[in-house]
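Quick notes on the structure that follows.
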Amino acid sequence: MKKLFVKTYGCQMNVYDSDRMTEALELSGYAPAASPADADMILLNTCHIREKAAEKLFSDLGRLAPLKARKRRDGGKLVVAVAGCVAQAEGAEILRRAKTVDVVVGPQSYHRLPALVEAAENGERPVETEFPAESKFDQLPERGRAGVSAFLSIQEGCDKFCTFCVVPYTRGAEFSRPAQAVLDEARDLIARGARELTLLGQNVNAYHGAAADGGVWRLGRLIRALAAMPGLLRLRYTTSHPADMDDALIAVHGDEPKLMPFLHLPVQSGSDRVLQAMNRRHRADDYRRTIDRLRVARPDIALSSDFIVGFPGESDDDFAATLALVRGVGFAQAFSFKYSPRPGTPAAVRDDQVPEPVKVERLAVLQALLNEQQARFNGGFVGRSVDVLFEKRGRHPGQLAGRSPWLQAIHAAAPDARLGSVATVRVATVEPNSLAAVLAEEAA
Ligand code: SAH
Ligand code: SF4
Ligand code: F3S
């Protein structure tokens with residue numbers, strides 16, 4: 001049997017897509033390979049969001065060249081396919097830049113992958129980066145397996161055109177899957193063992209899917225329908241845009257216990273001037289107000305965000321406004337990045353780029369503050385009882401690992417029989433990337 005090795009870069013949507021592509025390729029005779037050296041095909045599912053992310057692809061491809069040569073010397077063959085957002089953004093240019101690559105396939109064409117791979121096996125180097133009329137979701141095979149916590153893509157693409165961002169170009173226009181297709185896939189995932197679903201979309205709370213009743217469902221309505229499914233214990237959704245947090249969605253945080261009290265809501269900056277230049281469509285105070293309303297609806301909700309420092313024209317005062325917003329809101333965790341100019345985006349050609357040393361300095365200051373907030377948030381859990389959904393075996397024998405409602409990684413000594421169920425644990429200590437806990441019945 002032929003063997004497939006998949007490497008995934010970037011966001012959760014890529015993780016979801018990699019699983020779907022793996023399932024499609026399994027039907028055309030590929031089994032998982034333990035390592036690249038072991039593989040007959042290597043699939044790199046790439047990310048274009050920042051320059052570093054995109055460059056990683058080319059350094060990885062450089063490393064694959066000798067592997068491919070060795071395979072060929074031994075009379076074998078290695079098909080190298082590049083999928084994802086770099087494939088969409090650079091297309092045939094990848095074939096020119098990296099002789100190792102046989103297939104280039106953009107995110108909207110994954111249902112075509114088995115045919116493209118077959119062409120590559122016959123010596124062609126196909127490139128497919130159209131945005132086809134048919135949806136890949138309808139064409140891909142049904143889901144094969146599911147983990148306890150599963151991703152479910154419900155929305156793709158973006159029409160927001162933030163001036164720093166490549167996503168509207170790499171993923172195309174905003175598109176919502178029909179509500180029934182989402183419900184069917186959810187039912188299937190639950191039947192295969194999923195107990196938690198994370199609904200995915202580049203702009204997941206812009207969801208507006210056609211419903212069977214002829215209407216349109218926004219995300220709040222969809223969450224209510226999913227929460228009613230027996231067997232499902234937890235729901236999450238990511239990533240959201242602050243301008244799309246509508247009343248119905250905020251309300252469902254207040255009255256749907258299966259919706260977990262943790263929200264990733266990227267604000268990017270605390271300065272109105274910068275937010276406007278980013279085309280973010282909201283002011284810092286709009287964001288604060290949305291957080292206040294979420295906290296009224298669900299007092300224990302914890303927040304997460306993305307931040308960009310050193311956006312073109314960002315002054316010391318602008319940056320100070322970001323720090324002030326962080327202090328005021330208080331985040332349980334966050335991601336922060338130096339602004340990276342991306343080809344084809346409006347901000348990249350501005351002539352007021354911030355010097356690299358200033359970006360480095362601002363990032364360090366912001367991350368110190370965010371780390372402090374995260375440590376305080378996690379530290380507050382020591383000695384407390386929390387629920388954990390056990391997802392997998394832990395790193396040490398006899399341990400299981402899972403997540404708290406607030407997405408904290410937790411491990412505790414527990415029997416395998418507890419996998420897939422929620423247990424109450426007492427948090428003992430905070431470790432660098434997780435909380436160590438004991439089952440409540442044993443802590444008593
Ligand atoms: N759709 C999501 C985020 C998508 S990209 C949203 O609207 O929030 C994930 C994060 O990458 C963004 O939130 C942003 O913080 C960061 N990012 C995107 N483009 C970037 C760039 N050019 N430079 C640095 N960070 C960037
Ligand atoms: Fe990018 Fe903005 Fe769309 Fe998010 S909302 S994907 S940051 S353009
Ligand atoms: Fe990266 Fe594309 Fe996701 S650019 S962040 S893989 S949508």
Side-chain angles (χ1 to χ4, degrees), residues 1-36 38-48 53 56-57 60-61 64 77-91 94-95 98 100-121 124-132 134-147 150-157 167 170-172 175 177 181 185 188-189 192 194 198 200-202:
M1 203 172 196
K2 294 178 290 184
K3 290 200 169 154
L4 167 71
F5 185 84
V6 181
K7 177 166 179 181
T8 308
Y9 315 69
C11 64
Q12 286 121 326
M13 308 219 49
N14 266 8
V15 175
Y16 174 90
D17 286 344
S18 286
D19 282 349
R20 303 287 311 250
M21 286 190 277
T22 302
E23 286 158 12
L25 289 166
E26 279 172 355
L27 291 181
S28 31
Y30 280 93
S35 71
D38 201 29
D40 303 285
M41 172 173 171
I42 295 178
L43 173 64
L44 302 172
N45 194 9
T46 61
C47 174
H48 201 242
K56 221 188 268 159
L57 165 68
D60 284 353
L61 284 173
L64 288 182
K77 202 184 261 177
L78 176 64
V79 174
V80 176
V82 175
C85 292
V86 181
Q88 188 64 41
E90 303 202 357
I94 297 173
L95 296 183
T100 328
V101 177
D102 304 289
V103 178
V104 175
V105 58
Q108 306 312 325
S109 307
Y110 292 157
H111 50 294
R112 303 254 306 116
L113 189 59
L116 299 172
V117 171
E118 201 182 311
E121 286 168 345
E124 292 172 43
R125 296 178 87 200
V127 176
E128 178 72 66
T129 53
E130 293 302 302
F131 289 108
E134 81 269 28
S135 154
K136 68 175 174 190
F137 294 111
D138 302 338
Q139 314 278 327
L140 283 164
E142 276 191 18
R143 309 299 306 273
R145 52 176 172 265
F151 288 145
L152 173 45
S153 278
I154 65 168
Q155 181 277 330
E156 265 213 86
V167 170
T170 62
R171 293 276 171 165
F175 162 80
R177 295 177 69 187
E185 189 168 330
D188 195 53
L189 286 167
R192 291 166 202 272
T198 301
L200 298 182
Q202 265 85 21

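Residue numbers start at 1 and run along the sequence shown.
The shortest side-chain heavy-atom distance between Ile42 and Leu78 falls under the 4.5 Å cut-off. Looking only at side-chain heavy atoms (C-beta outward), Leu44 and Leu64 come within less than 4.5 Å of each other.
Ser18 and Asn45 are linked by a side-chain donor-acceptor pair at a separation below 3.5 angstrom, with hydrogens and angles left out of the test. The closest side-chain donor-acceptor pair between Tyr9 and Asp60 falls under 3.5 angstrom.
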Problem - Trace of the side-chain contact (heavy atoms from CB on, under 4.5 Å) decision for Leu4 with Asp40 - result: CA-CA 6 Å; Leu4 167 71; Asp40 303 285; over 6 Å; no
Exercise for the section: Any chance you could lay out the side-chain contact (heavy atoms from CB on, under 4.5 Å) test for Lys136 and Glu156, step after step, and finish with the verdict? Expected result: CA-CA 11 Å; Lys136 68 175 174 190; Glu156 265 213 86; 2.8 Å; yes
Practice task
Test Val82 against Val103 for side-chain contact (heavy atoms from CB on, under 4.5 Å), laying out the working first.
Solution key: CA-CA 6 Å; Val82 175; Val103 178; over 6 Å; no
Handout entry: Residues Val117, Tyr30; criterion side-chain contact (heavy atoms from CB on, under 4.5 Å); working and verdict
Key = CA-CA 11 Å; Val117 171; Tyr30 280 93; 3.7 Å; yes
Exercise for the section: Start with the C-alpha gap between Glu185 and Arg192, add the side-chain angles, then the distance that decides, and say whether salt bridge (charged side-chain N to carboxylate O under 4.0 Å, His left out) holds. Expected result: CA-CA 11 Å; Glu185 189 168 330; Arg192 291 166 202 272; over 6 Å; no
Handout entry: Test log, rule salt bridge (charged side-chain N to carboxylate O under 4.0 Å, His left out), inputs Asp17 and Arg171
Key = CA-CA 12 Å; Asp17 286 344; Arg171 293 276 171 165; 3.0 Å; yes
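Interatomic distance, Gln202 CD to Cys11 SG, rounded to the nearest 0.5 Å: 5.5 Å. With rounding to the nearest 0.5 Å, the separation of CG in Leu25 from CZ in Arg20 is 13.0 Å. Interatomic distance, Leu113 CG to Ser28 OG, rounded to the nearest 0.5 Å: 7.5 Å. Note that the CD1 atom of Ile154 and the OG1 atom of Thr198 stand 11.0 Å from one another [nearest 0.5 Å]. Atom CG of residue Leu116 and atom OG of residue Ser109 lie 8.0 Å apart, to the nearest 0.5 angstrom. Rounded to the nearest 0.5 angstrom, Gln108 CD and Thr129 OG1 are separated by 11.0 Å.
Between the Gln139 side chain and the His111 main chain, no donor and acceptor come within less than 3.5 Å of each other. Remark: the backbone N or O of Glu128 is not paired with any side-chain donor or acceptor of Arg112 at under 3.5 angstrom. Panel note: side chain Tyr110, backbone Gly84; a donor-acceptor pair is recorded below 3.5 Å. A donor-acceptor pair is defined here as one N or O able to donate and one able to accept, closer than 3.5 Å; such a pair exists between the side chain of Asn14 and the backbone of Thr46. Although no hydrogens or angles enter the test, the distance criterion places a donor-acceptor pair under 3.5 Å between the side chain of Arg125 and the main chain of Val101.
Taking the six-membered ring for Trp and thresholds of 30 and 60 degrees, Phe137 and Tyr16 have ring planes inclined between 30 and 60 degrees apart.
Of all heavy-atom pairs spanning Thr8 and Val15, the tightest one is CG2-N, 3.8 Å. Summarising the geometry of Cys85 relative to Thr170, their closest heavy-atom pair is SG-OG1, 3.3 Å, with the distance given to 0.1 Å. Across all their heavy atoms, Pro32 and Lys3 have their closest contact at O-CD, 4.0 Å. Closest approach of Gln155 and Met13 over heavy atoms only: O-CE, 3.3 Å. Nearest heavy atom pair, residue Thr100 against residue Val80, reads O-CB, 3.4 Å. The minimum heavy-atom distance between Met21 and Ala83, with the atom names listed, is CE-CB, 4.0 Å.
Salt-bridge annotation for Lys2 and Glu121: present, with a side-chain N of the basic residue lying under 4.0 Å from a carboxylate O of the acidic one.
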